[in-house]
2 protein chains.
Amino acid sequence: MVHGDHGAALPEAFPDKLSTSALAQCAATGRALTTLRREVLAIFAGAPRPLKAYEIVERLSTPSRRVSPISVYRSLDFLIEIGIVHRLATQNAFVARDRDRAQDETLVFMICQCCGDVDEAVLPGMTRSLAATADAHGFRSRGHSIELQGECEDCRSALANPNRRG
Amino acid sequence: MVHGDHGAALPEAFPDKLSTSALAQCAATGRALTTLRREVLAIFAGAPRPLKAYEIVERLSTPSRRVSPISVYRSLDFLIEIGIVHRLATQNAFVARDRDRAQDETLVFMICQCCGDVDEAVLPGMTRSLAATADAHGFRSRGHSIELQGECEDCRSALANPNRRG
DNA sequence: TTCAATTGTGTTACAGTATAACATTACAAC
DNA sequence: GTTGTAATGTTATACTGTAACACAATTGAA
Ligand SMILES: [Zn+2]
Ligand SMILES: [Zn+2]
Ligand SMILES: [Zn+2]
Ligand SMILES: [Zn+2]
C-alpha cells in the first residue's frame, strides 16, 4: 500500500447473502455447512479485502483454541468447490463473492496493487471466446483464473491529487 | 499425471529463438544476459513443460556449485521483466515463450491437469475486451494472468481410448 | 587512476504457503 | 451395534519465496 487507506469497501449486508448462497449450494450438493465452514465464511463476510489463509488461521484462533492451517485450507477448498470463495492465484489470497453464478459466468478479478481492493466483473463474451480458443487448440477447459493487476479508481485519483485540498 | 507420458513437446529449435529474443530485449533495455540468466534460459529451452523454481535450482546445482533459490528467483524475475518467461500463478511454475509480443498481446495459457503440458493462445479481441471492462470499473490495468485448467487433446484421446489397439 | 554509482551475484537465514499421514469424532444407514 | 462416510484434529513437514547484507564487476566521471 503506497499511500493512505482510502478505498473502504462493502462489509455490510454481505454476510446474509453469502450464507444464503452457501446454504443453497450445500442443499443442492448434499454437503454440510459446518461450524468451521461457517466461521470461515463469517470472516470473509466482515472483510473488505482478500484474506490470506494464515490471516484466517489467526482470526479463528484463541488462546484456548488453536485452529490449524490445514483445517482452514480444507474449509477454503470446500467453499471454493461450492463456488462461494475464489482463490486469487496471483496473490495467494482468497475472496468470497456470492454472484449467482449462471453455469458459465467468467469472472474477472481486478486487483489493486496499491490498496489491495478487489473488484470483479463478468464479461459476457468472454466465456464463448475462451471456449472457442480452447476448442481451436483441442483443449477441454474445466476451470480458469483471470486476474488483472493495476490501480483502482480511488487510488488513481489519490495519486493524481495526493492532498485533497491542494 | 493420471496416465502415461504421452504428449511430448517441442524441445528442438527452441533454444535459439529464446536466446535471440532475450538478447534483443536486453539490447533494447540496456541490461545484460549474464551467465546465470543464460543458464536458466537454457534449462527452459530443454524443458517441454513448466518448471518449478526449485527444479531449476536442482538442475543448476552440482556438488561443487550450490545455486541458491534466491539467485534463481532473481533470474526468473529478470526473464519475466523482459517478457521471455511467464509465471503460471495457478501452478507456481514458469514457462518460457518467445512470442514477439506486440505490445498488448493478451496471452492465455491452457494448462493440462493431466500431463502438465501448457499451450498458449492469443485472443485478438481479448485485449480490447479486458481494457473495456477495466475502464468500466475505473480500473487501470498494468498486467494480467489468464490461465485455463483442463485437459489437452492428447490426454483426452488417451482417456477415451486407453490402449491404442483395443 | 581512483572514486563513486549501478548492476548483478553469493551467502545465510528466514518468512510465508500448503499438504501428508494418521488419529479421532459425528452421524446416518443398515 | 456395527459399518461407512464426512469432517475435523494433531503433528509434522514439504514447498515457495524473500530479507539483509556482503562481495564482485562494470561504467563513467573527477
Ligand atoms: Zn491506494
Ligand atoms: Zn486501490
Ligand atoms: Zn495425460
Ligand atoms: Zn495432457
Side-chain angles (χ1 to χ4, degrees), chain A residues 22-23 25-43 50-82 84-95 113 116 145 147 149, chain B residues 22-23 25-41 43 50-82 84-95 113 116 145 147:
Chain A
L23 282 168
Q25 278 302 305
C26 288
T29 61
R31 308 184 70 184
L33 194 56
T34 64
T35 304
L36 183 61
R37 290 165 179 175
R38 244 192 312 261
E39 287 172 325
V40 172
L41 204 50
I43 291 183
L51 293 171
K52 313 286 269 184
Y54 276 72
E55 283 185 313
I56 300 173
V57 169
E58 290 314 311
R59 297 205 203 171
L60 285 182
S61 293
T62 65
S64 63
R65 179 203 193 197
R66 210 92 265 275
V67 175
S68 66
I70 190 149
S71 290
V72 169
Y73 278 106
R74 287 195 281 224
S75 285
L76 287 172
D77 286 344
F78 171 81
L79 294 169
I80 289 170
E81 276 171 33
I82 67 172
I84 300 290
V85 165
H86 301 265
R87 178 180 151 77
L88 300 178
T90 63
Q91 314 297 120
N92 293 331
F94 304 84
V95 287
Q113 303 297 83
S145 158
E147 302 174 23
Q149 289 89 42
Chain B
L23 282 169
Q25 278 303 306
C26 287
T29 60
R31 306 184 72 185
L33 193 56
T34 64
T35 304
L36 184 62
R37 290 165 179 175
R38 245 191 311 262
E39 288 172 325
V40 172
L41 205 50
I43 291 184
L51 294 170
K52 313 285 271 184
Y54 276 71
E55 282 185 312
I56 300 174
V57 169
E58 290 313 311
R59 298 204 203 172
L60 285 182
S61 292
T62 65
S64 63
R65 179 202 191 198
R66 209 93 265 275
V67 174
S68 67
I70 189 147
S71 290
V72 168
Y73 278 106
R74 287 195 281 223
S75 286
L76 286 172
D77 286 344
F78 171 81
L79 294 169
I80 289 169
E81 277 171 33
I82 67 173
I84 299 289
V85 165
H86 302 266
R87 179 179 152 77
L88 300 178
T90 62
Q91 314 298 120
N92 293 332
F94 304 84
V95 287
Q113 302 297 81
S145 158
E147 303 175 23

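To find a chain, count down the sequence lines: A is the first, B the second, and so on, and within it residues start at 1. Owing to the predicted nature of the structure, the values given are computational and were not obtained by experimental measurement.
When the side-chain nitrogen and oxygen atoms of A:S71 are compared with OP1 and OP2 of D:dG9, one or more of them lie within a distance under 4.0 Å. The phosphate of D:dT10 (OP1 or OP2) has no side-chain N or O of A:S68 nearer than 4.0 angstrom. At least one side-chain nitrogen or oxygen of B:Y73 sits closer than 4.0 Å to the OP1 or OP2 atom of D:dG17. The phosphate of D:dC15 (OP1 or OP2) has no side-chain N or O of B:K52 nearer than 4.0 angstrom.
Side-chain contact between A:V40 and A:V85 is absent, with no heavy atoms from C-beta onward closer than 4.5 Å. Using a 4.5 Å cut-off on side-chain heavy atoms (C-beta onward), B:R87 and B:N92 make contact. In this structure, the side chains of A:I43 and A:E39 stay at 4.5 Å or more apart for every pair of heavy atoms.
If you check every strand for non-hydrogen atoms under 4.0 Å, A:T34 touches sugar and phosphate atoms only. At a threshold of 4.0 angstrom between heavy atoms, the contacts of A:R74 include nucleobase atoms, whether or not backbone atoms are also involved. Using a 4.0 Å heavy-atom criterion, one finds that B:R87 contacts the sugar-phosphate atoms exclusively.
Spacing between atom CD of B:E58 and atom P of D:dA14 amounts to 14 Å, rounded to whole angstrom units. One atom, CD of B:E39, and another, P of C:dG8, lie 16 Å apart when rounded to the nearest Å. The interatomic distance linking B:I70 (CD1) with C:dG8 (P) rounds to 15 Å, in whole Å. Nucleotide D:dA6 holds its C1' atom 14 Å from the CG atom of A:L33, rounded to whole Å. Note: CD (B:Q91) to P (D:dC15) measures 16 Å, nearest angstrom. Computed from coordinates, the B:I56 CD1 to D:dG17 P distance equals 11 Å when rounded to whole Å. The distance between atom CG of B:L51 and atom P of D:dG17, rounded to the nearest whole Å, is 13 Å. The distance from atom CZ of A:R31 to atom C1' of C:dA28 is 17 Å, rounded to the nearest whole Å.
Side-chain N or O atoms of B:E147 include one that pairs as donor or acceptor with a backbone N or O of B:A89 at under 3.5 Å. Remark: side-chain polar atoms of B:R37 are paired, donor with acceptor, to backbone N or O of B:A32 under 3.5 angstrom.
No hydrogens or angles were tested; on distance alone, nothing pairs the side chain of B:Y54 with the base of D:dA14 as donor and acceptor under 3.5 Å.
When each of A:A93 and B:L36 is assigned the nucleotide of DNA chain C bearing its nearest heavy atom, the one mapping closer to the 5' terminus is B:L36. Take the nearest nucleotide of DNA chain C for B:R66 and for B:N92: the residue whose nucleotide is more 5' is B:R66.
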